[in-house]
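Presented below is the structure to which this report refers.
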Amino acid sequence: MLLSLHPRFATAILSGAKTVELRRQRVAVAPGTPVVIYATSPVMALLGTARITAVDTATPAQVWNRHRKACGITRAEYRAYMDGASQASALLLDSPRPLAQAVPLSHLRRTGTFHPPQSYRYLDTDALQHLVAGHEAADELLTRVSALQQPARGRSTTSTRPTRTVSAPHSGSSMRSGTLLTTVPAP
């Protein structure tokens, strides 16, 4: 998963200070999914990786009550962000690691018309490899994503929330954007 974040939040996740990322809609992603972190303007680069350990989807008030200490924002910022939302998702993250060298947007666009997602995008290994090919951080990033696909030792990768599998529309591309409807259980 390629996750777009404001630089403030990308840095906080990669330092370990922020362990929950918030979204205004349901996010269907399996626990154990590797995350590639893209920092938006003015940074505009891939900065590092993390892993999703669980997704908690509930009302905005419930998500705030359960995760406020780990989401890295004030209550006022949370209320402004969630204004008008009927549900919220908390992506619980672990294993944050910054890349030794950021991969800038200019490199990601060198072979095509890559556009960073507004929120997130599912990205398969071949597409990621194509995007970062030739960059100094390519091997580090691809090796890390592969290693993150393995469950953390001694840590459950199942969610306590009811789940069901939902197929996402596929546009024929190895990258697809979209909002999915439910959480997906670990295999």
Exercise for the section: Output, in order, the C-alpha distance, side-chain angles, deciding distance and verdict of side-chain contact (heavy atoms from CB on, under 4.5 Å) for Val103 and Tyr38. Expected result: CA-CA 9 Å; Val103 182; Tyr38 176 83; over 6 Å; no
Exercise for the section: Give the C-alpha distance, both sets of side-chain angles, the deciding distance and a yes or no for side-chain contact (heavy atoms from CB on, under 4.5 Å) between Glu21 and Leu5. Expected result: CA-CA 9 Å; Glu21 177 55 23; Leu5 302 165; 3.2 Å; yes
Exercise for the section: I would like to know whether Leu22 and Tyr81 meet side-chain contact (heavy atoms from CB on, under 4.5 Å); could you show each step before the answer? Expected result: CA-CA 9 Å; Leu22 303 164; Tyr81 177 63; 4.3 Å; yes
Exercise for the section: State which residue, out of Leu108, Thr40, Leu105, fulfils the side-chain contact (heavy atoms from CB on, under 4.5 Å) condition with Pro116. Expected result: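 Exactly one candidate clears the test, Leu105.
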Could you grab the distance from atom [atom1] of [X] to atom [atom2] of [Y], nearest 0.5 Å is fine?
X	Y	atom1	atom2	result
Arg121	Phe114	CZ	CZ	5.5 Å
Leu123	Leu3	CG	CG	12.0 Å
Arg68	Tyr78	CZ	OH	11.0 Å
Thr53	Leu91	OG1	CG	9.5 Å
Leu14	Ile37	CG	CD1	4.0 Å
Asp124	Gln129	CG	CD	10.0 Å

Do [X] and [Y] have side chains that approach each other closer than 4.5 Å (heavy atoms only, starting at C-beta)?
X	Y	result
Leu92	Val55	no
Leu141	Val36	yes
Leu99	Arg144	yes
Val145	Pro34	yes
Val27	Tyr120	yes
Arg51	Val35	no

Exam field: side chain [X] to backbone [Y], donor-acceptor pair closer than 3.5 Å:
X	Y	result
Asn65	Ala61	yes
Ser15	Ala12	yes
Lys18	Phe9	no

Polar side chain donor-acceptor pair, [X] to [Y], under 3.5 angstrom:
X	Y	result
Ser119	Arg23	yes
Ser146	Gln149	no
Ser89	Thr57	yes

Handout entry: Heavy-atom neighbours of Asp139 CG exceed 12 at 6.0 Å
Key =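 No - once you tally the heavy atoms of other residues, nucleotides and ligands closer than 6.0 Å, there are 12 at most.
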Exercise for the section: Might you confirm whether atom CD of Glu77 has over 12 heavy atoms from other residues, nucleotides or ligands at distances under 6.0 Å? Expected result: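 Counting other residues, nucleotides and ligands, CD of Glu77 exceeds 12 neighbours.
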What is the minimum heavy-atom distance between [X] and [Y], and which atoms define it?
X	Y	value
Ala133	His107	O-NE2, 3.0 Å
Thr74	Trp64	C-CH2, 3.7 Å
Arg8	Gly72	NH2-O, 3.3 Å
Met82	Ala88	CE-CB, 3.5 Å
His135	Pro104	NE2-CD, 3.6 Å
Pro7	Ala39	CA-CB, 4.2 Å

Practice task
Under the side-chain contact (heavy atoms from CB on, under 4.5 Å) rule, what do Gln87 and Arg24 come out as? Steps first, then yes or no, please.
Solution key: CA-CA 6 Å; Gln87 60 185 355; Arg24 291 174 43 93; over 6 Å; no
